[in-house]
Peer 1: 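Okay, handing you the structure first.
In what follows, every chain begins at residue 1, and chains take the letters A, B, ... in the order their sequences are listed.
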Amino acid sequence: MKYAFERKSPWVFELPRKGPMQVPLRLYTTEGMLKQLEEDQSIDQLMNVASLPGIYRYALGMPDMHQGFGFPIGAVAAFDIDSGIISPGGVGFDINCGVRLLRTGLSRQAIEDRLDELGKRLFALVPSGVGSTGHRVFSKAEMKGLLSEGAPWIISAGFGVPSDQSAMESQGHLAAADAELVSEKAIERGRDELGTLGAGNHFLEVDYIETIYDAEYAAAFGLREHDIVVWIHTGSRGLGHQVATDFINLFKKKMDQYKIPLYNHELAALPFKTSEGRQYFAAMSAAANYAWVNRQIITHQVRTAFEQVYPDLMAGQSIDLIYDVAHNIAKEEVHDGKKLLVHRKGGTRAFPAGHPELEGPFAQYGQPVLLPGDMKRGSYILVGTGASMDETFGSTAHGAGRRLSRNEAVRRYQFEDISADMAQHHIRLFAADKKVAREEAPDAYKNVDEVVGPIVHAGIARPVARSRPLLVIKG
DNA sequence: ATGTTC
């Protein structure tokens, strides 16, 4: 073992602070997955995060952790609001990359005969792939509106129903957003990309509920065995990427001035309470609003596809949003009675019942935690717990997490083999780009069952249900 | 992740 981790429990491993580290690292994982982490730079990256000013308690790694830009993916770090930093690399390039889950109320058996047609309609109505553009271009004035207001803006424009908004983290908008701090270049990149999936790990999936782990919570979230659900995973596209690029460049220039140590050239950070820190937070919030609008337009397109393909079944039937989570974001939250800036980079909020930020049924049950796996082995729906508030700043993992780099996956897997293997499992794959599909080969990811293990055993989320794919649309 | 090397 290259690092001197102490085993706090079978699922929690701690690396004591040393050198410039202000706090220890704490990893929620297994012995086996911890060993794999030594093959990339993610532990060193998390040690750098633990060395940043104002970090509170520990730097957290989730079981899906792997190497990212400056800051690992599958990591959570909270900083004192007054003395701590904010880091664009701690949010990620795809600001408010996130996941939403829809329930259709239709059974697997009912939709099976027209699945191919559904796949084709979804593939046509939801543009995917690098550089994909949407069905309409938004004006600059419209961009300012949606960047400021988020999901409510696009729902008012007719894409969705008011009840959608109450099933979104932060109700689909961050009030700190300031559209004036999003560069012209970022706005220009974003005007024609709304309603598009993008590439990489982004996807649209039609799944069926395979297993219910908790009948009461499944019923509360409207999940029934064999029912069809739709997963949407995408973010803020080129706009968010441009905001991240703009502010990483600005931050790098200013670090010396604010005397923030640069442990790695990718890990730019500035005090939150500086004009630059606040500016990034306001621009990040606007990009987060854009991502919620993006997922909302895609939701509208999914509803349209189901209505077109199944007009008979959809008569009197609505497709409802179960929940929408952000997994690349920084938010002001209160933990241990302290105001903190929580960075979740590939981390899902997992607030429990009774949390003051939750409303409606979620106040009673806790928020749904949406944890997608790879495109063959399916995904989990969990629920937030009190232990996540006590231990992980109300957070858990965000997905299976990569096991292999994109390049390594392309070297190992051929498109035809992936497609044939998925067909064997009765999964139809619609891929905009064969190379991207090879990067996303199921075996390039950790086994989602193995990733969920430490979460469930440590109690930082509770399992509610598991779904398996039938149709996969990939960028 | 990304108008996939501004």
Side-chain angles (χ1 to χ4, degrees), chain A residues 40 42 45 64-75 87-99 127-134 137-138 143 182-204 232-253 265-268 283-284 287-288 290-291 294-295 298 325-330 343-348 372 374-375 398-402 404-411 415 431-440 444-445 474-475:
Chain A
D40 69 21
S42 55
Q45 290 183 331
D64 54 343
M65 187 166 96
H66 58 101
Q67 185 178 330
F69 180 88
F71 196 112
I73 295 160
S87 171
V91 170
F93 277 91
D94 191 5
I95 295 165
N96 190 6
C97 186
V99 185
S128 60
V130 173
S132 50
T133 53
V137 181
F138 286 73
M143 289 294 288
V182 177
S183 67
E184 285 294 322
K185 192 174 178 182
I187 289 175
E188 205 46 48
R189 285 181 71 172
R191 284 179 58 206
D192 64 357
E193 289 186 337
L194 281 159
T196 68
L197 212 50
N201 61 3
H202 292 166
F203 64 79
L204 173 60
I232 298 167
H233 178 203
T234 185
S236 51
R237 308 285 287 105
L239 180 140
H241 195 275
Q242 190 63 46
V243 168
T245 302
D246 291 342
F247 279 91
I248 287 167
N249 290 336
L250 174 69
F251 272 39
K252 276 184 182 172
K253 285 186 211 153
H265 73 280
E266 293 179 345
L267 188 60
M284 180 216 74
Y290 179 96
N294 191 29
R295 292 197 285 275
I298 293 172
V325 296
H327 59 219
N328 278 9
I329 204 155
H343 291 64
R344 296 192 181 92
K345 184 185 191 179
T348 309
D374 64 72
M375 62 186 179
H398 85 305
R402 292 199 78 85
L404 305 177
S405 71
R406 294 180 189 281
N407 286 336
E408 182 60 27
V410 170
R411 270 194 289 275
F415 179 79
D433 184 300
K434 288 184 179 176
K435 183 159 178 276
V436 171
R438 291 163 69 192
E439 291 173 355
E440 293 296 310
Y445 281 85
K474 286 293 287 186

Peer 1: What residue among A:H202, A:R295, A:H327 forms side chain to side chain donor-acceptor pair (under 3.5 Å) with A:H233?
Peer 2: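 Of A:H202, A:R295, A:H327, side chain to side chain donor-acceptor pair (under 3.5 Å) with A:H233 is met by A:H327 alone.
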Peer 1: For A:H66, enumerate each residue passing the side chain to side chain contact (heavy atoms under 4.5 Å, CB included) test, keeping only those at least two apart in sequence or located in another chain.
Peer 2: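 In terms of side chain to side chain contact (heavy atoms under 4.5 Å, CB included), with neighbours along the sequence ignored, A:H66 is linked to A:D40, A:I73, A:R402.
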Peer 1: Give A:K185 one of three labels, base, sugar-phosphate or nothing, depending on what nucleic acid heavy atoms sit under 4.0 Å from its own.
Peer 2: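 The answer is base, as A:K185 lies within the cut-off (heavy atoms under 4.0 Å) of a base atom.
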Peer 1: Got A:D433 and A:V130 here, is their nearest side-chain heavy-atom distance under 4.5 Å?
Peer 2: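 Counting from C-beta outward, A:D433 and A:V130 never come under 4.5 Å.
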Peer 1: Output all residues satisfying side chain to side chain contact (heavy atoms under 4.5 Å, CB included) with A:S405, sequence neighbours left out; order by chain, then residue number.
Peer 2: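 Testing A:S405 for side chain to side chain contact (heavy atoms under 4.5 Å, CB included), a comparison that skips the adjacent residues, returns A:N407, A:E408.
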Peer 1: What is the separation between atom CZ on A:F93 and atom P on B:dT2, rounded to the nearest whole Å?
Peer 2: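 Distance, rounded to whole Å: 12 Å.
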Peer 1: Find the distance A:Y290:OH to B:dT2:P and express it as a whole number of Å.
Peer 2: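 One finds 10 Å between P of B:dT2 and OH of A:Y290, rounded.
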Peer 1: Rounded to whole Å, how long is the line connecting atom CZ of A:F247 with atom C1' of B:dC6?
Peer 2: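 About 18 Å, once rounded to whole Å.
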Peer 1: If I take atom NE2 in residue A:H241 and atom C1' in nucleotide B:dT4, what distance separates them, rounded to the nearest angstrom?
Peer 2: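 Value for this atom pair: 9 Å.
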Peer 1: Rounded to whole angstroms, how far apart are CD on A:Q242 and C1' on B:dC6?
Peer 2: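 Whole-Å distance recorded here is 9 Å.
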Peer 1: Pick the nucleotide of DNA chain B nearest each of A:R402 and A:V130; which residue has the one closer to the 5' end?
Peer 2: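 Checking each residue's closest nucleotide, the 5'-ward one belongs to A:R402.
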Peer 1: If I take atom CG in residue A:N96 and atom C1' in nucleotide B:dT2, what distance separates them, rounded to the nearest angstrom?
Peer 2: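 Roughly 17 Å, once rounded to whole Å.
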Peer 1: Base, sugar-phosphate alone, or nothing: which one does A:A199 contact when heavy atoms must sit under 4.0 Å apart?
Peer 2: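 Here A:A199 touches the backbone only, sparing every base.
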Peer 1: Rounding to an integer number of Å, can you tell me how far A:F69 CZ sits from B:dT5 P?
Peer 2: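 For the pair A:F69 CZ and B:dT5 P, the rounded distance is 13 Å.
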Peer 1: B:dC6 P sits how many Å from A:I248 CD1, rounded?
Peer 2: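 Distance check: A:I248 CD1 to B:dC6 P gives 15 Å.
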